[in-house]
Amino acid sequence: MPDRLSETHRRLLPDLAAGAALLAVHTSIWLAALGAPPAHAWASFLSYGALSVILLLTVPPGLPGPGAGWANRVTLFRTTLILPVAALLVTPGSIAGSTAWVAIAVATLALALDGVDGAVARRTGTATLFGARFDMELDAFLILALAGLVWVGTPLGPWVLWIGLIRYAFLLAGWLWAPLRAELPGSFRRKVVCVVQVAGLLIALAPLTPTGADRVVCATALALLAYSFGVDVRWLVRGASRSAAVPTR
């Protein structure tokens, strides 16, 4: 087992290095074209370093290749787009004008590529739970980062952070209460609500959005998200109740 893990790590490292090179290109563009401060680049690379450590610690042995696998490479590319957007949180004063529009454009591209990694995994027969989790956690991070940008870059209050925090609150509740840790079935509803969340946050972040409209859009996105999680929690609780009611011998 240790040998297999070491081999998997050796295969993953070149892709992580390639991702770091791409991130260097992306942060250089932010620095040169938009005048982002050096702290922006530092935050991007520190975040990427933390992500790399997490991937190396959680990658399973025998990951289908080459390298990290083509699907995971797409997800890694999306990561190099998202991290510089999230790094704007360390320089909140810069979230305005052209910088806000570039952040919206890059986040939109990352969202558009969301389905590509899954399609590649299915087409190449390399779908894994690790890849699906990587993709899902990256989406959750993007939503949390956008919620943070809307909070610091618009007049909206800290309540908008709940658009990104509800999922993590759900995970914490699952850690405390076993029924919420059960696996949920696939849901088109969840995918739609995820897109609505990101779209609503991007609209709120746009400089041309009328005052008051950003509040309506984000409140609607938060209400839909709360409803979606409520449906899932109800399904999980009912499933746990049915399992408890089944007699055992």
Side-chain angles (χ1 to χ4, degrees), residues 51 54-55 58 60 71-72 75 78-79 82 86 107-108 110-119 121-122 127-151 154 156-205 212-249:
L51 171 70
I54 293 172
L55 291 177
T58 58
N72 289 328
T75 309
R78 292 179 61 227
T79 300
I82 290 171
T108 300
L111 178 64
L113 293 173
D114 184 25
V116 174
D117 41 15
R122 291 187 294 271
T128 63
L129 291 176
F130 171 79
R133 186 62 181 269
F134 182 15
D135 180 55
M136 180 175 63
E137 295 300 336
L138 184 61
D139 290 340
F141 177 77
L142 171 61
I143 292 170
L144 180 59
L146 289 176
L149 291 177
V150 170
W151 175 40
T154 73
L156 296 183
W159 63 266
V160 75
L161 291 173
W162 279 108
I163 296 177
L165 289 174
I166 283 183
R167 178 181 177 274
Y168 295 100
F170 175 77
L171 293 178
L172 176 61
W175 183 72
L176 297 172
W177 191 31
L180 297 185
R181 293 198 296 269
E183 186 174 353
L184 286 163
S187 170
F188 181 71
R189 162 183 48 82
R190 278 189 228 108
K191 296 178 181 179
V192 171
V193 170
C194 178
V195 172
V196 169
Q197 288 176 81
V198 177
L201 290 169
L202 292 177
I203 291 172
L205 193 60
D214 51 1
R215 185 179 303 275
V216 173
V217 168
C218 287
T220 301
L222 181 57
L224 288 174
L225 181 62
Y227 165 77
S228 182
F229 270 101
V231 171
D232 287 340
V233 168
R234 182 182 181 187
W235 188 90
L236 291 169
V237 171
R238 284 188 169 185
S241 299
R242 286 193 297 268
S243 298
V246 174
T248 58
R249 295 183 179 181

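We use all heavy atoms of the structure for the numbers below, so side chains are in, but hydrogens, waters and symmetry mates are not.
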May I have all residue pairs that pass salt bridge (charged side-chain N to carboxylate O under 4.0 Å, His left out) and include part of residues 157-171, sequence neighbours excluded? Glu137-Arg167
For Val198 and Asp139, what are the C-alpha separation, side-chain angles and deciding distance, and is it a side chain to side chain contact (heavy atoms under 4.5 Å, CB included)? CA-CA 9 Å; Val198 177; Asp139 290 340; over 6 Å; no
Can you list every side-chain hydrogen bond (donor to acceptor under 3.5 Å, both in side chains) pair that touches residues 178-196, not counting sequence neighbours? Arg189-Ser228, Arg189-Asp232, Arg190-Asp232
In chain order, what residues pass the side chain to side chain contact (heavy atoms under 4.5 Å, CB included) check against Val216, with sequence neighbours excluded? Thr220
Atom OH of Tyr227 with >12 non-hydrogen neighbours under 6.0 angstrom: no
Contacts of Ala127 meeting side chain to side chain contact (heavy atoms under 4.5 Å, CB included) (sequence neighbours excluded), chain-then-number -> Ala121
For the residue pair Pro179 and Leu236, what are the closest heavy atoms and their distance? O-CB, 3.7 Å
Residues forming a ring-ring contact (aromatic ring centres under 6.0 Å, His included) with Phe170, sequence neighbours excluded: Phe229
Can you tell me how far apart CG (Asp135) and CG (Asn72) are? Round to the nearest 0.5 Å. 9.0 Å
Checking Asp117 now: which residues fulfil side-chain hydrogen bond (donor to acceptor under 3.5 Å, both in side chains) with it, not counting sequence neighbours? Thr75
Residues at least two apart in sequence or cross-chain that pass side chain to side chain contact (heavy atoms under 4.5 Å, CB included) with Asp214, listed by chain then number, are Thr154, Pro155, Leu156, Ala204, Thr209
Non-hydrogen side-chain atoms of Trp177 and Val237 separated by less than 4.5 Å: yes
Decide if atom CG of Leu129 counts as having more than 12 heavy atoms of other residues, nucleotides or ligands within a radius under 6.0 Å. no
Between Arg78 and Leu113, what is the shortest heavy-atom contact and its length? CD-O, 3.6 Å
Contacts table for residues 140-150: side-chain donor-acceptor under 3.5 angstrom, sequence neighbours left out:
none

Side chain to side chain contact (heavy atoms under 4.5 Å, CB included) partners of Val217, counting only residues at least two apart: Ile203
Heavy-atom neighbours of Trp162 CH2 exceed 12 at 6.0 Å: no
Out of curiosity, Leu225 CG to Gln197 CD, how far, rounded to the nearest 0.5 Å? 4.0 Å
Would you say that Val160 contacts Leu201 through its side chain, given a criterion of any heavy-atom pair below 4.5 Å between the two side chains? yes
Distance col, row Cys218:SG vs Leu205:CG, nearest 0.5 angstrom, shows 9.5 Å
For the residue pair Trp159 and Ala219, what are the closest heavy atoms and their distance? CH2-N, 3.7 Å
Spacing of Ile82 atom CD1 and Leu111 atom CG [to the nearest 0.5 Å]: 9.0 Å
Evaluate the side-chain proximity of Phe134 to Ile54: yes if any heavy-atom separation is below 4.5 Å, no if none is. no
